[in-house]
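What follows is a set of notes on a single structure, which appears directly below.
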Amino acid sequence: MIIQKNISLDQHHTFRCPIKTQFFTTLSRAADIQTIQQQPEFDANQTVILGGGSNILFRQHFPGLIIQNKIKGIEQIQKNKHHVWLQIGAGENWHEFVRYCVQQQYYGVENLSLIPGTVGAAPIQNIGAYGVQLEDVFDHLNAIDLHTGQSQRFSAEQCEFGYRNSVFKSRFKNRFCITNVTLKLSLTPTFQCQYPALKSHISEHKMELTLNNLHQAIIQIRSSKLPCPKQLPNAGSFFKNPFIQHAQLQSLKKQFPNMPYFPEHQNQVKVPAAWLIEQCQFKGKRFGPVGIHEQHALVLINYDNGSGDQLHDLAQHITATVKEKFDILLEKEVNII
Ligand code: NAP
C-alpha cells in the first residue's frame, strides 16, 4: 500500500477536470484500510472513497486523501431453488457484474445494464433505471467506519434507501468505505418491461423476451441517448427528478399543460428534470468549455477541459433558472466535492 502525493485525478473521474489530490492510494483488500488509517496522511474528515469516479464532481484541487476502491471478487454465498445470493467486491465494475449475471442466467439487474461506476457505489445512490432500483435486489453490505476502523453490516433498512438516495449520501456521507455488497438475484425470469422506452423498443423489434435480449435492449437504448464519458466527459444525470405536491402540479398544469409527471406516494408526483431544463432552453447550449448535451438535458458535458468550478457554476445557473420558471428546486444527483 503506497500513498502517492500530488496526483492528477483526470483519469480517475469521468468529468476529467484538470484536478489534483494531495494524497492518493488504492485499496485492494478490506484489511488494508487499517494500515491506511495509521498513516500520517490519513484524516477521516479529509478522505473520500472513489469508485469509478462516474458520479462525482471535484470543484477544486482536493486537499486530502482519495482512496480508490479496487476490492474485487464475486462469491456465491447462498442458493436455494429460487434465488442466489452473491457477495461482490465493492471495486468490481457494475456493468461487468451485470454481464456476469446475464451469462449465469441470474435475473434482477438487467435493467441496470451500462450504468457506469462500481458495485460499491451502487447502493450509495440506490442506482435506478427503467423501473428497477438497486434496493429491489439488495440484501446487505459491509462497510468500514473511517472514524473508528470498525466493520459494520448494513441491512436494506439501515441503508435508508430513497429515490437515488441512501444514508451514505446523507447522514453518513464520506463516513464509510463500502467493502462488499450482497445481492439476492432470481433464478427464474422476473422481467420489468413497463417503462415506455423499453416497451416500445420490445414491440418495434418484435423482441423475444429473454434475459440476454433485455440486457442488449437496455444497452442499445442507453447508448442511443447517453454520451459515452470516454468521448464526451460527463457524469450521467446531473440532477435528480424532483418530487412535488399534487397541489403544485395542478397549478403548474394551468401554465404548462404538457408538463409530464408520474404519480408517486404520499400525494406527490415525480417530474422529469430533463423536461424542466429543456423548457428553459438549456438543451445543447454551450457555456465556454462546458455545456448541456444536445440529446439529453440532464447531462452536463465538459467539452474542452473545463474546471470543476465552471461545471458547478453551470449547474447553479440551471438550478436558479428552473426555480425561477417553475418554483421547483432541482437537487444534484452528482456528488460535489
Ligand atoms: P425517459 O424515458 O426519457 O423518461 C424521463 C424520466 O421520466 C425518467 O427519468 C423517469 O424517471 C421518468 N419516467 C418515465 N417513465 C416512467 C414511468 N413509467 N414511471 C415512472 N417514471 C417514469 O428517461 P431517460 O432519461 O431516457 O432515462 C431512462 C432511465 O435510465 C431512467 O430510469 C433514468 O433514471 C435512468 N438513467 C439514469 C442515469 C444516471 O446517471 N443515473 C442516466 C440516464 C438515465 P426515473 O429516472 O425515476 O426512472
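For ligands, and for the atoms within them, numbers begin at 1 and follow the listed sequence. Because the structure is a prediction, the values reported are computed rather than measured.
Near Gly128, with a cut-off below 4.0 Å to any heavy atom, the atoms of ligand 1 are 34 (O), 35 (C), 37 (C). Near Ala129, meaning under 4.0 Å from any of its heavy atoms, are these atoms of ligand 1: 30 (O), 32 (O), 35 (C). Listed by atom number, the atoms of ligand 1 under 4.0 Å from Gly236 heavy atoms are 40 (O).
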Dump the intermediate steps for side-chain hydrogen bond (donor to acceptor under 3.5 Å, both in side chains) on Asn126 and Lys169, then the final yes or no. CA-CA 10 Å; Asn126 189 15; Lys169 270 187 109 171; over 6 Å; no
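One option in Phe262, Tyr130, Phe243, Phe238 has a heavy atom closer to atom 15 (N) of ligand 1 than any other, and that option is Phe262. When the heavy atoms of Asn241, Leu198, Leu114 are ranked by distance to atom 46 (O) of ligand 1, first place goes to Asn241.
With sequence neighbours left out, Thr35 forms a side-chain hydrogen bond (donor to acceptor under 3.5 Å, both in side chains) with no residue at all. Checked against side-chain hydrogen bond (donor to acceptor under 3.5 Å, both in side chains), Gln39 has no partners two or more places apart in sequence or in another chain.
When hydrogens are left out, the protein atom nearest atom 22 (C) of ligand 1 is Tyr195 OH, 3.2 Å; that is the closest non-hydrogen contact. Of all protein heavy atoms, the one lying nearest to atom 5 (C) of ligand 1 is Pro272 CB, 4.1 Å. Residue, atom and distance of the protein heavy atom nearest to atom 33 (C) of ligand 1 are Arg164 NH2, 3.9 Å. In this structure, the protein non-hydrogen atom closest to atom 26 (O) of ligand 1 is Lys225 NZ, 2.7 Å. The protein atom (non-hydrogen) at minimum distance from atom 38 (C) of ligand 1 is Ser237 OG, 3.2 Å. Nearest protein neighbour of atom 36 (N) of ligand 1, counting heavy atoms only, is Arg222 NH1, 3.8 Å.
One finds no salt bridge joining Lys72 and Glu92 here, because no Lys/Arg side-chain nitrogen approaches an Asp/Glu carboxylate oxygen to under 4.0 Å.
The aromatic rings of His13 and Phe58 sit perpendicular to each other, their planes meeting at more than 60°, with 30° as the lower class boundary. Between Phe172 and Phe168, the ring-plane angle classifies as tilted under the 30° and 60° cut-offs.
Listed for the Ser237 side chain is no donor-acceptor partner under 3.5 Å among the backbone atoms of Phe239. Of the possible polar contacts, one joining the Asn69 side chain to the Ile71 backbone as a donor-acceptor pair under 3.5 Å is found.
For Leu226, every heavy-atom contact with ligand 1 shorter than 4.0 Å involves the side chain, none the backbone.
Counting non-hydrogen atoms of neighbouring residues, nucleotides and ligands closer than 6.0 angstrom, the NZ atom of Lys283 exceeds 12 such neighbours.
The protein reaches atom 9 (O) of ligand 1 closely, with a heavy atom under 4.0 angstrom from it.
Inclusion of Glu264 in the set of residues having an N or O under 3.5 Å from an N or O of ligand 1 is not warranted. Here's the thing with His296: one of its N/O atoms is less than 3.5 angstrom from an N/O atom of ligand 1.
Annotation: side chain of Asp327 is in contact with side chain of Gln248 (closest heavy-atom distance under 4.5 Å).
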